[in-house]
Novice: 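Let me give you the structure first, and then I'll get to my questions.
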Amino acid sequence: MNIGFIGTGNMGGAIIRTLGDMEGVTVFGVNQTRSKLEALAKETGLIPCAGIRELTEKSDIVVLAVKPQHAKGVWPEAIPALTKDKCLVSIAAGLTQEDLRRGVDGVCPVVRTMPNTPALIGEGVTAVCFDDPGLTDRQKEGVRAVFQHTGDVHVLPEPLFDVFTAVIGSGPAFIFYLIETMIESGVELGLERESSSRMVKKLFRGASLMAEQSDRHIALLREMSVAPRGTTIAALAHFDRTAVRGNIMDAIRAAYDRSVEMGGGSMS
């Protein structure tokens with residue numbers, strides 16, 4: 001299988017780096033900054049192409065990994081080399097299935113995807129949309145295999161992409177916000193910043209692994225840390241009195257509404 005990346009920046013480059021152990025895969029790439037492309041080629045074995053048309057001709061799966069506003073410049077070069085046997089996959093936030101179909105002029109099937117930023121370290125969660133009826137089972141499996149190397153993959157219908165954006169796409173920023181807040185709380189109460197940072201990061205890692213590995217409901221895991229008249233229940237009671245849960249849900253709703261307003265899933 002040949003996979004071509006139009007754009008090898010942060011997310012495109014991260015995906016390419018995870019593909020090194022895929023058997024039978026050849027990776028091609030083009031990028032506006034030639035020096036960055038060549039550096040990535042030395043690191044990963046990627047084969048640089050002279051332009052988008054050459055890359056498209058050589059690739060079975062063409063990954064659109066440019067900013068949405070740059071996509072218009074891609075279509076004129078890509079379309080002449082596209083066929084129904086090829087598949088265009090977009091990781092450009094905000095481009096809908098309809099945008100992609102119009103972009104390729106209906107020449108080939110398209111897949112909309114949305115990886116979140118932990119994909120950069122192979123711990124991401126990616127939504128993929130297989131709504132295009134022109135996709136073959138082989139193409140679907142190929143796309144799924146690519147993104148499984150960056151973390152978990154979930155097949156979603158396009159109407160749920162705004163929900164995914166609000167909860168999962170924007171979610172890392174929410175977690176970083178909580179981590180930062182707890183680190184600052186530790187510093188305020190007397191911990192050295194380096195120690196507070198190290199402790200809080202480990203706290204989130206440990207709690208996340210515990211939640212992932214346990215068959216118990218999250219509420220039961222929370223209850224395991226709660227003792228009568230203890231420190232934890234005092235803090236949780238404060239959360240409840242000040243509607244923290246409701247505020248978090250309202251914040252995610254605001255992210256969802258903005259995603260709908262922006263036309264489908266920009267996380268910026």
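Along the sequence shown, residues carry numbers from 1. Every value quoted in this text rests on a predicted model; they were computed, and no experiment measured them.
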Novice: Do Glu141 and Arg144 meet the salt-bridge criterion of a basic N to acidic O distance under 4.0 Å?
Specialist: yes
Novice: So, are Glu38 and Lys42 salt-bridged, with charged N and O less than 4.0 Å apart?
Specialist: no
Novice: Would you say Thr242's side chain and His238's backbone share a donor-acceptor pair under 3.5 angstrom?
Specialist: yes
Novice: Could you go through Phe204 and Leu178, starting from their C-alpha distance and side-chain angles, then the distance that decides it, and tell me whether this counts as side-chain contact (heavy atoms from CB on, under 4.5 Å)?
Specialist: CA-CA 10 Å; Phe204 272 78; Leu178 291 172; 3.9 Å; yes
Novice: For the pair Ser90 (side chain) and Arg112 (backbone), establish whether a donor and an acceptor sit closer than 3.5 Å, ignoring hydrogens and angles.
Specialist: no
Novice: Give the cluster check for Val89 versus Met114: same hydrophobic cluster or not, with ILVMFWY residues linked at side-chain heavy-atom distances below 4.5 Å.
Specialist: no
Novice: For Asn2 and Lys58, indicate whether the former's side chain and the latter's backbone hold a donor-acceptor pair under 3.5 Å.
Specialist: yes
Novice: How about Glu212: does its CD atom have over 12 heavy atoms from other parts shown lying under 6.0 Å from it?
Specialist: no
Novice: For Gly12 and Ile91, which heavy atoms make the closest approach, and how far apart are they?
Specialist: N-CD1, 4.2 Å
Novice: Quick one: does any side-chain atom of Thr136 pair with a main-chain N or O of Gln139 as donor and acceptor, under 3.5 Å?
Specialist: yes
Novice: Taking Thr150 for the side chain and Phe147 for the main chain, is one N or O donor matched with an acceptor at less than 3.5 Å?
Specialist: yes
Novice: Decide, yes or no, whether a salt bridge links Asp99 with Arg102 under the criterion of side-chain N to carboxylate O below 4.0 Å.
Specialist: yes
Novice: Can any side-chain N or O of Ser59 pair as donor or acceptor with the backbone N or O of Gly4 at less than 3.5 Å?
Specialist: yes
Novice: If I compare all heavy atoms of Ile252 with all of Phe174, which pair ends up nearest, and what's the gap?
Specialist: CG1-CE1, 4.0 Å
Novice: Can you tell me if Glu223 uses its side chain to pair, donor with acceptor, with the backbone of Ala219 under 3.5 Å?
Specialist: no
Novice: Applying salt bridge (Lys or Arg N to Asp or Glu O under 4.0 Å), can you list everything that pairs with Glu194, at least two apart in sequence or on another chain?
Specialist: Arg198
Novice: Verify the neighbour count for atom CZ of Arg34: are there more than 12 heavy atoms of other residues, nucleotides or ligands below 6.0 Å?
Specialist: yes
Novice: Which pair of heavy atoms, one from Val111 and one from Leu100, lies closest together, and at what distance?
Specialist: O-CD1, 4.0 Å
Novice: Indicate yes or no for a side-chain donor-acceptor contact from Asn116 to the backbone of Gly124 under 3.5 Å, with no hydrogens or angles considered.
Specialist: no
Novice: Test side-chain contact (heavy atoms from CB on, under 4.5 Å) on Glu23 and Val25 and set out the steps.
Specialist: CA-CA 6 Å; Glu23 293 185 6; Val25 169; over 6 Å; no
Novice: When you group the ILVMFWY residues by side-chain heavy-atom contacts below 4.5 Å and let the links chain together, are Ile233 and Val244 in the same group?
Specialist: yes
Novice: Are there over 12 heavy-atom neighbours, none belonging to Gln32, within less than 6.0 Å of that residue's CD?
Specialist: no
Novice: Please assess Leu64 against Leu95 for the test side-chain contact (heavy atoms from CB on, under 4.5 Å), listing each intermediate value before the final yes or no.
Specialist: CA-CA 10 Å; Leu64 182 68; Leu95 293 182; 3.9 Å; yes
Novice: Residues in salt bridge (Lys or Arg N to Asp or Glu O under 4.0 Å) with Glu77, at least two apart?
Specialist: none
Novice: Should we say atom CG of Asp257 is surrounded by more than 12 heavy atoms from elsewhere, each under 6.0 Å from it?
Specialist: yes
Novice: Check whether any side-chain N or O of Asp131 sits under 3.5 Å from a backbone N or O of Glu158 as a donor-acceptor pair, and report yes or no.
Specialist: yes
Novice: Walk me through it: do Phe28 and Ile6 pass the test side-chain contact (heavy atoms from CB on, under 4.5 Å)?
Specialist: CA-CA 9 Å; Phe28 300 92; Ile6 302 174; over 6 Å; no
Novice: Return yes if some donor-acceptor pair links the side-chain N/O of Thr165 with the main-chain N/O of Phe161 below 3.5 Å, else return no.
Specialist: yes
Novice: Honestly curious: do Phe164 and Val155 fall in one hydrophobic cluster under the side-chain, below-4.5 Å linking rule?
Specialist: no
Novice: Taking all atoms of both residues into account, what is the closest heavy-atom pair of Gly29 and Thr8, and its distance?
Specialist: CA-CG2, 4.4 Å
